[in-house]
S.K.: 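Please read through the structure below; I'll follow up with questions.
Keep in mind that the numbers below use all heavy atoms, side chains included, and drop hydrogens, waters and symmetry copies. Lettering of chains follows the sequences in order, A, B, ..., and the numbering in each one begins at 1.
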Amino acid sequence: MTTFTDKVKSVVADIPKGSVMTYKQVAIASGKPAAARAVANIMAANYDPGVPCHRVIRSDGGLGGYNRGGVEEKARILKREGVSLETAK
DNA sequence: TAGTTGACCGGAA
DNA sequence: ATTCCGGCCAACT
């Protein structure tokens, strides 16, 4: 039985390179549309080397945070992946 | 076991 | 447009 946490990790790990998902989207894909906050907490409390949490961003277009090197490192990685951090508005 | 916290989200002021 | 408030869920103390 895969727990919600494991499912979240699986979903995040399934995010293709060059793409990003919001915490809400990940929560939905994990089966809990209202667990966006829980997803964020899971990332912050349990970082896994096989889970590219840097591909998960806020719905506002913000990066949220990063437990590995800060928002600056996260932004750097996303730019390296070819993702535009601008809200495109 | 119960209470608090947080890389959030959406609506209201 | 920005700032404030409440709700939701898992992990931590």
Side-chain angles (χ1 to χ4, degrees):
Chain A
M1 173 54 185
T2 56
T3 59
F4 175 71
T5 310
D6 286 317
K7 193 109 47 154
V8 170
K9 293 196 226 167
S10 194
V11 171
V12 176
D14 196 66
I15 300 176
K17 175 173 175 284
S19 300
V20 289
M21 288 180 73
T22 65
Y23 294 95
K24 183 60 109 33
Q25 291 298 319
V26 174
I28 295 171
S30 302
K32 292 257 192 278
R37 207 165 188 179
V39 173
N41 196 19
I42 291 165
M43 293 305 172
N46 275 346
Y47 178 77
D48 293 276
V51 180
C53 339
H54 59 264
R55 292 190 188 157
V56 185
I57 60 175
R58 296 186 36 150
S59 308
D60 304 88
L63 297 176
Y66 203 46
N67 58 357
R68 204 88 191 270
V71 206
E72 45 186 303
E73 186 64 38
K74 185 171 180 178
R76 188 185 310 171
I77 297 171
L78 288 176
K79 289 177 78 138
R80 190 175 62 181
E81 297 289 311
V83 179
S84 304
L85 291 81
E86 306 305 301
T87 43
K89 74 167 167 13

S.K.: Looking at S30(A) and V26(A), would you say the former's side chain and the latter's main chain have a donor-acceptor pair under 3.5 Å?
M.R.: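 Judged by distance alone, yes, a pair lies under 3.5 Å.
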S.K.: Can you tell me if T5(A) touches the phosphate of dA11(C), counting only side-chain N or O atoms and a distance under 4.0 Å to OP1 or OP2?
M.R.: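 For dA11(C), OP1 or OP2 has a side-chain N or O of T5(A) closer than 4.0 Å.
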S.K.: Would you kindly give the CE-to-P distance between M43(A) and dG6(B), to the nearest whole Å?
M.R.: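 Distance check: M43(A) CE to dG6(B) P gives 18 Å.
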S.K.: What is the distance from CG of N67(A) to P of dA7(B), rounded to the nearest Å?
M.R.: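 In whole Å, dA7(B) P lies 10 Å from N67(A) CG.
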S.K.: Give the cluster check for Y66(A) versus V83(A): same hydrophobic cluster or not, with ILVMFWY residues linked at side-chain heavy-atom distances below 4.5 Å.
M.R.: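 Cluster IDs for Y66(A) and V83(A) differ.
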S.K.: Starting from P on dA10(C), measure out to NZ on K7(A) and report it in whole angstrom.
M.R.: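 Taking NZ of K7(A) and P of dA10(C), I get 12 Å after rounding.
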S.K.: Backbone N or O of L63(A) within a donor-acceptor pair of the K74(A) side chain at under 3.5 Å?
M.R.: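 Checked: pair present.
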S.K.: Starting at NZ of K17(A), measure out to CZ of R80(A) and round the result to the nearest 0.5 Å.
M.R.: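 The CZ atom of R80(A) is 8.5 Å from NZ of K17(A), to the nearest 0.5 Å.
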S.K.: About how many Å separate CD1 of I57(A) and NZ of K24(A), when rounded to the nearest 0.5 Å?
M.R.: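 Atom-to-atom, K24(A):NZ and I57(A):CD1 are 14.0 Å apart.
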S.K.: Send over the distance from M21(A) CE to dA7(B) P, rounded to a whole Å.
M.R.: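 Going from CE in M21(A) over to P in dA7(B) covers 21 Å.
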S.K.: Classify A34(A) by what it touches in the nucleic acid, base, sugar-phosphate, or nothing, heavy-atom distance under 4.0 Å.
M.R.: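 Since only primed, P, OP1 and OP2 atoms lie under 4.0 Å of A34(A), the category is sugar-phosphate.
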S.K.: Given dA10(C), dC8(C), dC12(C), identify the nucleotide with an atom nearest to the side chain of A45(A).
M.R.: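 Between dA10(C), dC8(C), dC12(C), the one nearest the side chain of A45(A) would be dC12(C).
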S.K.: Give the rounded distance in Å between these two atoms: CG of N41(A) and C1' of dG3(B).
M.R.: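 Taking CG of N41(A) and C1' of dG3(B), I get 15 Å after rounding.
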S.K.: For every nucleotide of nucleotides 8-13 of chain B, 5' to 3': is a protein heavy atom under 4.0 Å from its base (B), only from its sugar-phosphate (S), or from neither (-)?
M.R.: BSS---
S.K.: Can you tell if the side chain of V51(A) reaches within under 4.5 Å of the side chain of V8(A), non-hydrogen atoms only?
M.R.: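 They are not in contact (no side-chain heavy atoms under 4.5 Å apart), so the answer is no.
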S.K.: Send over the distance from F4(A) CZ to dC8(C) P, rounded to a whole Å.
M.R.: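 Rounded to whole Å, this separation is 15 Å.
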S.K.: Nearest whole Å is fine: how far is dA7(B) P from L78(A) CG?
M.R.: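 About 18 Å, once rounded to whole Å.
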